[in-house]
Amino acid sequence: MSKKNTGMEFLEDPDALSGQLERAEDFFEQNRNIVFGVLGAIVLLVAGFVGYRYYVSSQDETAQVELFPSVYQVEADSLKKALNGDGKTPGLLSVADNYGSTPAGNLAEFYAGVALLKQGKYDEAIERLKSFSSSDLLVQARAYVLIGDAYMEKKSFDEAAEYYQKAADYKPNKYFTPGYLLKLAIAQEQAKQNDKAIETYNSIIEKYAQSAEAVNAKKYKSVLEAMVGES
């Protein structure tokens, strides 16, 4: 192996190393402003990132304090107070709008969507739930399902099927996916997507045979096939 390939020429030839250092110094002198500008930008970027993380962390602590009383109110079906506040706490809508970049603000979007859906404000519920995002196994899929439920109430069956499909595709598991698939098949039936509905029922029966939903899937599939055969 040659000296050039091993990099050992600098150790064996001090003149070569000296030449490299001189060229580096010349480059620095000729591009001093650019070098300092790049270094300054990196420092500002790092400082900005650290500052932003600290800001989000402190904001999240505040948002959590304001969020959780409203969550309890949602669970107690005090929906108006949960959404708009009770004079002591600002309510879910305020937390979501003011702290949207924080985890607590993000969660406020979810609970606001839940409360609005219970109030029958389907378009507003859809908007809030679409603004929510999570990597959690349960909550993100649940948000998709609730969006699907809102579309079902609006009789927008194609859109409902789209979001039930997202729920079913999100981290599939034997505990929740069968229920999502059953909702999907029912939405597909309502959307006159009979072939897709039968396929979805089959998916429940074959992949989740031990689930409670498999029993209903067999029944609904038989009824649908009989209706399709008669038409």
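Here, residue 1 is the first one in the sequence, and each next residue gets the next number. Quick caveat, the model's predicted, so the values are computed rather than measured.
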Would you say Asn173's side chain and Lys171's backbone share a donor-acceptor pair under 3.5 angstrom?
yes

Between Arg142 and Asp136, is the closest basic N to carboxylate O distance under 4.0 Å?
no

Find out whether Glu109 and Leu129 are in side-chain contact, i.e. whether some heavy atom of one side chain is under 4.5 Å from a heavy atom of the other.
no

Smallest heavy-atom separation, Ala150 atom then Ile126 atom, equals CB-CG1, 3.5 Å

Do Asn106 side-chain atoms and Thr102 backbone N/O form a donor-acceptor pair below 3.5 Å?
no

Test item: Tyr220 and Leu182 side chains (from C-beta on) under 4.5 Å apart, heavy atoms
yes

Closest heavy-atom pair and its distance - Ala104, Val95:
O-CG1, 4.4 Å

Once rounded to the nearest 0.5 Å, what's the spacing between atom CG of Leu224 and atom CG of Asp195?
8.5 Å

Ion pair Asp97/Arg128, N-O distance below 4.0 Å:
yes

Is a donor on one side and an acceptor on the other found under 3.5 Å between the side chain of Asp86 and the backbone of Thr89?
yes

Going through the distances and angles, do Asp158 and Gln193 end up as a side chain to side chain contact (heavy atoms under 4.5 Å, CB included)?
CA-CA 9 Å; Asp158 288 322; Gln193 301 172 6; 2.8 Å; yes

With a 4.5 Å cut-off on side-chain heavy atoms, are Leu79 and Gln73 touching?
no

Spacing of Tyr180 atom OH and Tyr170 atom OH [to the nearest 0.5 Å]
10.5 Å

Among Lys183, Lys196, Glu199, exactly one meets side chain to side chain contact (heavy atoms under 4.5 Å, CB included) together with Gln188. Which residue is that?
Lys196

Any side-chain heavy-atom pair of Tyr164 and Val145 under 4.5 Å:
yes

When hydrophobic residues are tied together by side-chain contacts of less than 4.5 Å, even through go-betweens, does Tyr111 share a cluster with Val139?
yes

Does Tyr201 form a side-chain hydrogen bond (donor to acceptor under 3.5 Å, both in side chains) with Glu189? I'd like the steps, not just the answer.
CA-CA 11 Å; Tyr201 287 133; Glu189 279 199 55; 2.5 Å; yes

Provide the closest heavy-atom pair for Pro178 versus Ser211 in the form atom of the first, atom of the second, distance.
CB-OG, 3.8 Å

Heavy atoms only: give me the nearest Leu184-Ala161 pair and the separation to one decimal.
CD1-O, 3.3 Å

I'd like to check Glu127 versus Tyr122 (side-chain heavy atoms, cut-off strictly below 4.5 Å). Are they in contact?
no

Decide yes or no for Phe110 and Ser133: does some side-chain heavy atom of the first lie under 4.5 Å from some side-chain heavy atom of the second?
no

Quick one: does Tyr208's side chain get under 4.5 Å of Glu213's, heavy atoms only?
no

How about Phe132 and Leu107: do any of their side-chain heavy atoms sit closer than 4.5 Å?
yes

Roughly how far, to the nearest 0.5 Å, is CD of Gln190 from NZ of Lys155?
7.5 Å

Flag yes if more than 12 heavy atoms outside Lys80 fall under 6.0 Å of its NZ atom; otherwise flag no.
no

Between Thr200 and Leu181, which heavy-atom pair has the shortest distance, and what is it?
CG2-O, 3.3 Å

With no hydrogens and no angle check, just 3.5 Å: does a side-chain donor-acceptor pair link Asn194 and Glu225?
no

Just verifying a value: how many Å separate Leu93 CG and Asn84 CG, rounded to the nearest 0.5 Å?
5.5 Å

How close do Ala214 and Ala209 get, counting heavy atoms only, and between which atoms?
CB-O, 3.7 Å

Rounded at 0.5 Å granularity, tell me how far CG in Leu146 sits from CG in Leu117.
6.0 Å

Out of curiosity, Tyr163 OH to Tyr151 OH, how far, rounded to the nearest 0.5 Å?
5.5 Å

